[in-house]
Asks: 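Sharing a structure with you now.
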Amino acid sequence: MEKNIKRLLLRFLPRYAVGRISVYARLMRIEKPIGTLLLLWPTLWALWIAAEGMPDWPILFAFVCGTFLMRSAGCVINDFADRDIDGAVERTNQRPFAKGLVTKSEALLLVLILCLLAALCLLPLNVLTWLMSLPALFLAMTYPFTKRFFPLPQLYLGLAFSFGIPMAFAAVSADVPHLAWLLFVANVFWTLAYDTVYAMVDKEDDLKIGIKTSAITFGDYDVAAVMLCHFWFTALMAVLGWQIGATWPYWVVLPIVVYWQWHQYRTIKTRDRGACFRIFLENNRIGLLWFVGIVLHYAFKL
């Protein structure tokens, strides 16, 4: 896919420009959409619940575009923050900063451009949504630096990855009801679960470098902590279903998700790097399945 995009760009742009765009695209992780999807699913859950199954298309478009742009900005600032340590980690030693392909000023300018484009997505939305975007921006931009001092940076990421939920409710109804915060907490648990699995992939390297992650903090209880977070995530999604009067498609999702979580446990208890990374990626289908359950709930309810 990346090679095809390069060929297309070479038809219209000088080779140097294509090379820079390719580097910036790698900084933004365009070729790795998993982060965008994991950020997008809870935002879509919130939009459908807030709008009771009928979100306005302009609001939906604004949140989809904003999610992509902010995740991209988060990736760039993450690489900027980790520019001196990515080369020592097996999974990240081919990133642009680690290879010396990009400068600090280029990365910061790219972050600024992405944040400004994301701000444009807010223009059709109400003032409350604009205000809610400020803590969301702060969390996204500061998360990469928490690995230096905070023992659970994955929890901090959970807060950042969940702020699209109250923003979605604010955009739809100009209010942030208790349902939004219930979903917010559920998603924090889910993010802490899957990102701890992600951190287990780099655990050996991170211990050598001296940065902090939840996988290191939990120590020998890392697998137990992941499963406890999954439990509370699913339990809170069940409470959410009860509060919205969920129809049968929503409840069909529940046992499937529990089965997938059990499969995750059986796999990650080996602590094999490759297996843990595959399990991290498989969380995308959990987000998708809950979205399908919510959409079908409102489809049957109407």
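Bear in mind that the values here come from a model prediction, so they are computed numbers and not experimental data.
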Asks: Decide if atom CH2 of Trp260 counts as having more than 12 heavy atoms of other residues, nucleotides or ligands within a radius under 6.0 Å.
Replies: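 Buried by this count: over 12 neighbours within 6.0 Å.
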
Asks: Group every Ile, Leu, Val, Met, Phe, Trp and Tyr by side-chain heavy-atom contacts under 4.5 Å, then state whether Tyr221 and Met227 land in the same group.
Replies: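 Looking at the clustering, Met227 is in a separate group from Tyr221.
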
Asks: Let me check something: do Phe61 and Phe68 share a hydrophobic cluster, defined by ILVMFWY side-chain heavy atoms less than 4.5 Å apart, either directly or through other members?
Replies: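 Unlinked, Phe61 and Phe68 end up in two clusters.
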
Asks: Can you tell me if Thr270 uses its side chain to pair, donor with acceptor, with the backbone of Thr267 under 3.5 Å?
Replies: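 Judged by distance alone, yes, a pair lies under 3.5 Å.
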
Asks: Could you grab the distance from atom CD1 of Ile21 to atom CD1 of Ile30, nearest 0.5 Å is fine?
Replies: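 The distance works out to 10.0 Å.
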
Asks: Rounded to the nearest 0.5 Å, what's the gap from CG on Leu240 to CD1 on Ile244? Could you check?
Replies: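 Rounded to the nearest 0.5 Å, the CG-CD1 separation comes out at 5.0 Å.
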
Asks: Taking NZ, NE, NH1 and NH2 as the nitrogens, is one of them in Asp82 or Lys147 under 4.0 Å from a carboxylate oxygen of the other?
Replies: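 Counted as a salt bridge, because a side-chain N and a carboxylate O are separated by less than 4.0 Å.
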
Asks: In terms of hydrophobic clusters joined by side-chain contacts under 4.5 Å, are Leu131 and Leu159 together?
Replies: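 Yes.
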
Asks: Check this for me: Glu204, atom CD, are more than 12 non-hydrogen atoms of other residues, nucleotides or ligands nearer than 6.0 Å?
Replies: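 Not buried by this count: 12 neighbours or fewer within 6.0 Å.
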
Asks: What do you reckon, are the aromatic ring centroids of Trp262 and Tyr265 less than 6.0 Å apart?
Replies: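 Close enough - the centres of the two rings lie under 6.0 Å apart.
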
Asks: What distance separates Asp79 CG from Met28 CE, expressed to the nearest 0.5 Å?
Replies: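 Between Asp79 CG and Met28 CE, I get 12.0 Å after rounding to 0.5 Å.
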
Asks: Given 3.5 Å as the limit, does a donor-acceptor pair link the side chain of Arg26 with the main chain of Gln94, or not?
Replies: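 Such a contact is found between Arg26 side chain and Gln94 backbone.
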
Asks: How far does NE2 of His178 sit from CH2 of Trp181, to the nearest 0.5 angstrom?
Replies: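 Interatomic distance, His178 NE2 to Trp181 CH2, rounded to 0.5 Å: 13.0 Å.
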
Asks: Of all heavy-atom pairs between Phe300 and Pro249, which one has the smallest distance, and what is that distance?
Replies: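 Result for this residue pair: CD1-CG, 3.6 Å.
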
Asks: Supply the atom-to-atom distance Ile211 CD1 to Ile216 CD1, rounded to the nearest 0.5 angstrom.
Replies: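 Those atoms lie 6.5 Å apart.
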
Asks: If you look at every heavy atom in Cys229 and Leu192, which pair is closest and at what distance?
Replies: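 Scanning both residues, the minimum pair turns out to be SG-CD2, 3.5 Å.
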
Asks: Under 30°, 30 to 60°, or over 60°: which ring-plane class applies to Phe280 and Phe277, parallel, tilted or perpendicular?
Replies: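 Tilted: the ring planes of Phe280 and Phe277 meet at 30° to 60°.
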
Asks: Could you go through Arg271 and Asp220, starting from their C-alpha distance and side-chain angles, then the distance that decides it, and tell me whether this counts as salt bridge (Lys or Arg N to Asp or Glu O under 4.0 Å)?
Replies: CA-CA 10 Å; Arg271 294 181 174 81; Asp220 292 339; 5.8 Å; no

Asks: Establish, from distance only, whether the side-chain atoms of Asn187 and Trp41 form a donor-acceptor pair under 3.5 Å.
Replies: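 Trp41 and Asn187 do not have a side-chain donor-acceptor pair below 3.5 Å.
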
Asks: I'd like to know if Asp205 and Arg273 make a salt bridge, using a cut-off of under 4.0 Å between side-chain N and carboxylate O.
Replies: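 Result for this pair is yes, salt bridge flagged.
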
Asks: Might you work through the side-chain hydrogen bond (donor to acceptor under 3.5 Å, both in side chains) test for Gln264 and Tyr194, ending with a clear yes or no?
Replies: CA-CA 10 Å; Gln264 288 196 20; Tyr194 67 65; over 6 Å; no

Asks: Are Arg95 and Phe97 in a cation-pi contact, defined as NZ or CZ under 6.0 Å from the six-membered ring centre and within 45° of the axis?
Replies: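 No, Arg95 and Phe97 do not form such a contact.
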
Asks: Is any side-chain heavy atom of Gln261 closer than 4.5 Å to a side-chain heavy atom of Val257?
Replies: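 When only atoms from C-beta onward are counted, Val257 and Gln261 do touch, with a gap below 4.5 Å.
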
Asks: Where is the tightest heavy-atom contact between Ala140 and Ala160, given as atom of each residue plus distance?
Replies: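 Looking at all heavy atoms of both residues, the closest pair is N-CB, 4.2 Å.
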
Asks: Any donor-acceptor pair under 3.5 Å linking the side chain of Arg71 with the backbone of Leu69?
Replies: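 Checked: no pair found.
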
Asks: Applying the 4.5 Å side-chain criterion to the ILVMFWY set and letting contacts propagate, would Tyr143 and Phe189 be lumped into a single cluster?
Replies: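 In one cluster: yes.
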
Asks: With sequence neighbours left out, what residues match Ile294 under side-chain contact (heavy atoms from CB on, under 4.5 Å)?
Replies: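 Once residues adjacent in sequence are excluded, the partners of Ile294 under the side-chain contact (heavy atoms from CB on, under 4.5 Å) criterion are Trp45, Trp48, Ile49, Tyr250, Tyr298.
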
Asks: Check each of Leu40, Leu37, Leu44 against Thr67 using the side-chain contact (heavy atoms from CB on, under 4.5 Å) test, and report the only one that passes.
Replies: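 The option that passes is Leu40.
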
Asks: With clusters defined by side-chain heavy atoms of hydrophobic residues (ILVMFWY) lying less than 4.5 Å apart, directly or transitively, does Leu236 cluster with Ile165?
Replies: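 Yes, Ile165 and Leu236 fall within the same hydrophobic cluster.
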
Asks: Say whether, by atom type as modelled, one donor and one acceptor occur between the side chain of Thr43 and the main chain of Leu39 under 3.5 angstrom.
Replies: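 Yes, because the side chain of Thr43 sits within donor-acceptor range (under 3.5 Å) of the backbone of Leu39.
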
Asks: Is the distance between the ring centroids of Phe163 and Phe184 under 6.0 Å?
Replies: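 Centroid separation for Phe163 and Phe184: below 6.0 Å.
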
Asks: Any donor and acceptor pair, going by atom type alone, linking the side chain of Asp272 with main-chain N or O of Gly274 inside 3.5 Å?
Replies: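 Here the side-chain-to-backbone pair exists.
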
Asks: Determine whether a donor-acceptor pair (N or O, by modelled atom type, separation under 3.5 Å) exists between the side chain of Gln154 and the backbone of Ser214.
Replies: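 Flag set: sc Gln154 to bb Ser214 pair under 3.5 Å.
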
Asks: Any side-chain hydrogen bond (donor to acceptor under 3.5 Å, both in side chains) pairs touching residues 129-138, not counting sequence neighbours?
Replies: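 Qualifying pairs: Asn126-Thr129.
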
Asks: Within a radius of less than 6.0 Å around CH2 of Trp251, do more than 12 heavy atoms belonging to other residues, nucleotides or ligands occur?
Replies: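 For Trp251, atom CH2 is crowded (more than 12 foreign heavy atoms under 6.0 Å).
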
Asks: Could you state the interatomic distance from CH2 (Trp248) to CG (Leu296), rounded to the nearest 0.5 Å?
Replies: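 Result: 7.0 Å between the selected atoms.
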
Asks: For the pair Glu106 (side chain) and Thr103 (backbone), establish whether a donor and an acceptor sit closer than 3.5 Å, ignoring hydrogens and angles.
Replies: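 Checked: pair present.
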
Asks: Using the side-chain contact (heavy atoms from CB on, under 4.5 Å) criterion, which residues pair with Ala98? Sequence neighbours excluded.
Replies: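 Ala98 satisfies side-chain contact (heavy atoms from CB on, under 4.5 Å) with Asp86 once adjacent residues are dropped.
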
Asks: Got a salt bridge between Lys208 and Asp202, using NZ or NE/NH1/NH2 to carboxylate O under 4.0 Å?
Replies: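 No, this pair does not count.
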
Asks: Please determine if Asp222 and Lys203 form a salt bridge, counting it only when a charged side-chain N lies under 4.0 Å from a carboxylate O.
Replies: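 Here Asp222 pairs with Lys203 in a salt bridge, since their nearest N and O are under 4.0 Å apart.
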
